[in-house]
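Just below is one structure, and these are the notes that go with it.
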2 protein chains.
Amino acid sequence: MKCSTHLRDSVLVETSVYADKGCPSRKVLDRIGDTWSVMVVGSLADGPMRYTELARRISGVSPKMLTQTLRTLERDGLLTRTVHAVVPPRVDYELTGLGRSLLTLVDGLRLWAETHIDEVTEAQAAYDAR
Amino acid sequence: MKCSTHLRDSVLVETSVYADKGCPSRKVLDRIGDTWSVMVVGSLADGPMRYTELARRISGVSPKMLTQTLRTLERDGLLTRTVHAVVPPRVDYELTGLGRSLLTLVDGLRLWAETHIDEVTEAQAAYDAR
DNA sequence: CTGCATCCGGGAGGATACTG
DNA sequence: CAGTATCCTCCCGGATGCAG
């Protein structure tokens, strides 16, 4: 787990991991780490989707956070935002190729979650019982 | 990307995704989403490690957050904490089988990051240039 | 319908000093 | 060495109102 391609200059930190802010893992983590981002990407797996549809599928998200998340993902090139010049306004969000390449990870995450959630829950119960 | 096993009761939200707080993806997200957690798990990939060693490899982490992260991961059954009764104190942290099963994801994350970070950076630059 | 602007409270998390 | 305790700041994110 070395940030081999982004190690700092100093030889003293050769063994450091995730040490550099510029470490790509760190940057991606800031994105994947964002709960809403992952949920948006996951939701868009099924295809293009409108703003309201996303809001409905991601229960609990405020308009503010949804917009903010969508903007960030758009800026990162993970999805496209298409405004249709009609009334009422219609805006479609769709994953880019880059965004879809993330689906593998997101899916892996979901799979791990469904597979191991029980073990985690048991471990927590055991820990709390001490 | 349905939380198929954890859908809410109401039929009205049948199409919702990540809607339920109890959704396992959501829970795992709270863990994976945590930057420090991922870095700790990634660092421990190489084998057992002491507190200070972890602190050194994860540059920028405060003692507070490192301890907090380690406790949470221990509680979740992702790593073990072994205290050796010696002076000076020696505490080893080691991934459990469950923790190691997460390495696949963490590695996938790192791989995606290293592979696509340039595309993301370019996309950001293009977006900002508009 | 699809947002943006604004306000605001709470909690995450950094810095620092100290202890068994 | 391996943490704990304390303080304090910042910003995440919810609520609300409004605009195009």
Side-chain angles (χ1 to χ4, degrees), chain A residues 15-16 18-21 26-27 29-40 43-44 48-76 79-94 127 130, chain B residues 15 18-21 26-27 29-41 43-44 47-76 79-94 127-128 130:
Chain A
T15 57
S16 73
Y18 302 111
D20 199 331
K21 290 277 185 188
R26 199 101 158 204
K27 286 185 178 176
L29 234 46
D30 289 338
R31 193 85 332 124
I32 295 300
D34 183 20
T35 311
W36 298 129
S37 293
V38 176
M39 294 197 274
V40 165
S43 297
L44 286 176
M49 208 164 292
R50 302 181 59 176
Y51 183 89
T52 310
E53 171 74 4
L54 278 170
R56 200 178 333 120
R57 290 170 66 118
I58 306 173
S59 146
V61 67
S62 64
K64 175 185 171 182
M65 290 316 297
L66 182 53
T67 299
Q68 189 177 107
T69 302
L70 288 168
R71 285 296 134 79
T72 304
L73 292 175
E74 184 192 4
R75 179 170 181 267
D76 289 350
L79 57 77
T80 57
R81 176 173 180 269
T82 311
V83 181
H84 302 273
V86 296
V87 284
R90 177 193 175 92
V91 182
D92 281 320
Y93 295 93
E94 181 173 16
Y127 185 93
R130 302 184 320 174
Chain B
T15 58
Y18 302 111
D20 198 331
K21 289 279 186 188
R26 199 98 159 205
K27 287 185 178 175
L29 234 47
D30 288 340
R31 194 87 331 127
I32 294 300
D34 182 20
T35 310
W36 299 130
S37 292
V38 176
M39 294 197 274
V40 165
V41 171
S43 297
L44 287 176
M49 209 164 294
R50 303 179 60 173
Y51 183 90
T52 310
E53 171 75 3
L54 278 170
R56 201 178 330 122
R57 290 170 68 118
I58 306 173
S59 144
V61 66
S62 63
K64 174 184 172 183
M65 288 317 296
L66 183 54
T67 299
Q68 191 177 109
T69 302
L70 288 168
R71 287 295 135 79
T72 304
L73 292 175
E74 183 192 4
R75 178 170 181 265
D76 288 350
L79 57 77
T80 57
R81 177 172 179 270
T82 311
V83 182
H84 303 273
V86 295
V87 285
R90 176 192 178 94
V91 180
D92 281 321
Y93 294 92
E94 182 171 16
Y127 185 94
D128 294 340
R130 301 185 322 175

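In what follows, every chain begins at residue 1, and chains take the letters A, B, ... in the order their sequences are listed. Computed from a predicted structure; not experimentally measured.
An OP1 or OP2 oxygen of dC1(D) is reached within less than 4.0 angstrom by no side-chain nitrogen or oxygen of Arg50(B). For the OP1/OP2 pair of dA2(D) and a distance below 4.0 Å, the side-chain nitrogens and oxygens of Arg81(B) include no atom meeting the criterion.
Here dG3(C) presents its P atom at 12 Å from CZ of Arg90(A), a figure rounded to the nearest Å. Here the C1' atom of nucleotide dG13(C) and the CG atom of Asp34(B) are 11 Å apart, to the nearest Å. The CG-P distance, from Leu54(B) to dC1(D), rounds to 14 Å in whole Å. One atom, NE2 of His84(A), and another, P of dG3(C), lie 11 Å apart when rounded to the nearest Å. Rounded to an integer number of Å, the gap from Asp92(A) CG to dG3(C) C1' is 15 Å. Arg71(B) has its CZ atom 9 Å from the C1' atom of dA2(D), to the nearest Å. Atom CD in Gln68(A) sits roughly 15 Å away from atom P in dT6(C) (whole-Å rounding). A straight line from CD of Glu53(A) to C1' of dC1(C) spans 14 Å, rounded to a whole angstrom.
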Worked check of side-chain contact (heavy atoms from CB on, under 4.5 Å) between Ser37(A) and Leu73(A): CA-CA 7 Å; Ser37(A) 293; Leu73(A) 292 175; 4.1 Å; yes
Working for side-chain contact (heavy atoms from CB on, under 4.5 Å), residues Val61(B) and Leu54(B): CA-CA 9 Å; Val61(B) 66; Leu54(B) 278 170; over 6 Å; no
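Side-chain proximity of Tyr51(B) to dG3(C), dG13(C), dA2(D): nearest is dA2(D).
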Report, one line per pair, each donor and acceptor closer than 3.5 Å where one atom sits in a side chain of residues 63-71 of chain B; sequence neighbours left out.
unit_1: Thr67(B); atom_1: OG1; unit_2: Tyr51(B); atom_2: OH; d: 3.1
unit_1: Thr67(B); atom_1: OG1; unit_2: Pro63(B); atom_2: O; d: 3.0
unit_1: Thr69(B); atom_1: OG1; unit_2: Met65(B); atom_2: O; d: 2.7

When the side chains of residues 81-91 of chain B are checked against the rest of the protein, which donor-acceptor pairs come out under 3.5 Å, sequence neighbours left out?
unit_1: Arg81(B); atom_1: NE; unit_2: Tyr93(B); atom_2: OH; d: 3.2
unit_1: His84(B); atom_1: NE2; unit_2: Asp92(B); atom_2: OD2; d: 2.9
unit_1: Arg90(B); atom_1: NE; unit_2: Asp92(B); atom_2: OD2; d: 3.2

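Salt bridge annotation for Arg50(B)-Glu53(B): absent, with no cationic side-chain nitrogen under 4.0 angstrom from a carboxylate oxygen.
To the nearest 0.5 Å, the span separating OH on Tyr127(A) from OG1 on Thr72(B) amounts to 8.5 Å.
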Collect all protein-nucleotide pairs involving nucleotides 14-20 of chain D in which both atoms are nitrogen or oxygen and the distance is under 3.5 Å.
unit_1: dG14(D); atom_1: OP2; unit_2: Ser62(A); atom_2: OG; d: 3.0
unit_1: dG14(D); atom_1: O6; unit_2: Lys64(A); atom_2: NZ; d: 2.4

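By the 4.5 Å heavy-atom criterion applied to side chains, Met49(B) and Arg57(B) are counted as neighbours.
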